[in-house]
2 protein chains.
Amino acid sequence: MSLRHALLGLLADRTASGYDLLKLFDTSLANVWPATQSQIYSELNKLADTGLITIAAEGPRGRKQYALTDDGLAELRRWLTETEPQRNVRSEVLLRVFFLGVVSREQAQSYLADLATRFATEENTLRELENAVEWDESDLSLYGRIALEYGLRFNAMRREWAEWAADQVK
Amino acid sequence: MSLRHALLGLLADRTASGYDLLKLFDTSLANVWPATQSQIYSELNKLADTGLITIAAEGPRGRKQYALTDDGLAELRRWLTETEPQRNVRSEVLLRVFFLGVVSREQAQSYLADLATRFATEENTLRELENAVEWDESDLSLYGRIALEYGLRFNAMRREWAEWAADQVK
DNA sequence: CGCCGCATGTAACGTGTTACATGATTAG
DNA sequence: CTAATCATGTAACACGTTACATGCGGCG
């Protein structure tokens, strides 16, 4: 049920249409909680039905500008403080590593070395993103930078681990 | 489509029944690729239908002992070497951090401090697991330890990040 | 003989992805 | 005027979770 709260969270900052939210997902939330257009639009309708958001204004081309209601903000706060985040375990990378025994040691080693390169690339991508974003003094900037720092540390850790693992396989 | 390959991977080591595999998922794969009983049994039937595994023997209580076929091993190798692991991004923890602006700084700070504690606990759990497992010289032990090391480093990294983040919010 | 564990199967529901479908507005 | 962008909606399918359902076999 996190998509619903992601939408509430974005609408807590400012009002937006489904189309606006779609773009926000593709930019700021792409690395945290991706969502498709189809998912966003249907969830918005459900949220409007249950009164957590309302249509604050309608624009050209059938545009619906959604706004968070008091109930919606309460629900967002409740989710944040009173519910446990379910730990997100599934890792396809680890699953593959688990079964590297079915290929040769040489193949396994180069597989892990490739992984290290991949993680290094992702780290660089995030670093470019960090430089491209215009950070300000808002809460979204503060917590956005904290989330980005997580990504940087995560990829650095994974790169070092993959290098270490490649060495272990030798 | 990773569940299918997880099953193939486990059957590459030894033959097993659905029930055996279920227990393997709950122990060795619980932190990598969880699966439910219902999912495992229906996927096994599909794999048997497509000839990637076969029923090597039948036992009491309708027990079906599955074995990997040559096709199955080939498919496992193909998946491992020729397909790209899709990066697993969704993180409920990060999503929550993103929206910490809707609660007070004090609440946000204690939220992050709690996270740090949680990660430290998980790290300890994994360390106990590491000591409890009887590691041998097999491939599964080698790659199992590599996967576990990932978990240890991951939680250490997250704990340090959460501590840093709590400090940033001050 | 009765209970626990072994062993499998399926139905209902929620979430997520891909693809199709349609149309209005605006910038060049 | 026409192409790109804005803007929303829905259908089909894949994957995952929860719950229900059933029965055999071995151990005490």
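Chain identifiers are assigned alphabetically (A, B, ...) following the order of the sequence lines, protein sequences preceding nucleic acid strands; residue numbering begins at 1 within each chain. In this text, all values refer to a predicted model and were calculated from it rather than measured experimentally.
- At a cut-off of 3.5 angstrom, counting only N and O atoms as typed in the model, there is no donor on one side facing an acceptor on the other between the side-chain of Ser42(A) and the base of dT10(D).
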Report task. Would you please test Phe119(B) and Phe154(B) for ring pair (Phe, Tyr, Trp, His ring centres under 6.0 Å) and show each step? Result -> CA-CA 9 Å; Phe119(B) 296 144; Phe154(B) 182 42; 7.6 Å; no

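- For Arg61(A), no side-chain nitrogen or oxygen approaches OP1 or OP2 of dT25(C) to under 4.0 Å.
- Between Asp136(A) and Arg145(A) no salt bridge is recorded (no basic side-chain N to carboxylate O distance below 4.0 Å).
- Within the structure, every side-chain polar atom (N or O) of Arg63(A) is placed at least 4.0 Å from both OP1 and OP2 of dT5(D).
- For Gln39(B) and dC15(D), the shortest distance from a side-chain N or O to OP1 or OP2 is not below 4.0 Å.
- In this structure, Ser42(B) contributes its side chain and Ser38(B) its backbone to a donor-acceptor pair below 3.5 Å.
- Listed pair Tyr41(A) / dG9(D) fails the phosphate criterion, with no side-chain N or O lying under 4.0 Å from OP1 or OP2.
- An OP1 or OP2 oxygen of dG9(D) is reached within less than 4.0 angstrom by a side-chain nitrogen or oxygen of Lys64(A).
- Ion pairing between Arg118(B) and Glu84(A) holds under the 4.0 Å rule for side-chain N and carboxylate O.
- Of the residues in residues 11-25 of chain B, those lying under 4.0 Å from DNA chain C by heavy-atom distance are Ser17(B), Gly18(B), Tyr19(B).
- Taking a cutoff of 4.0 Å between a charged side-chain nitrogen and a carboxylate oxygen, Glu92(B) and Arg87(A) do not qualify as a salt bridge.
- For dC15(D), the OP1/OP2 oxygens have no side-chain nitrogen or oxygen of Lys46(B) closer than 4.0 Å.
- Here dT10(C) presents its C1' atom at 10 Å from CD of Gln37(B), a figure rounded to the nearest Å.
- Classification of Glu43(B) and Arg4(B) as a salt-bridged pair holds, one side-chain N sitting under 4.0 Å from a carboxylate O.
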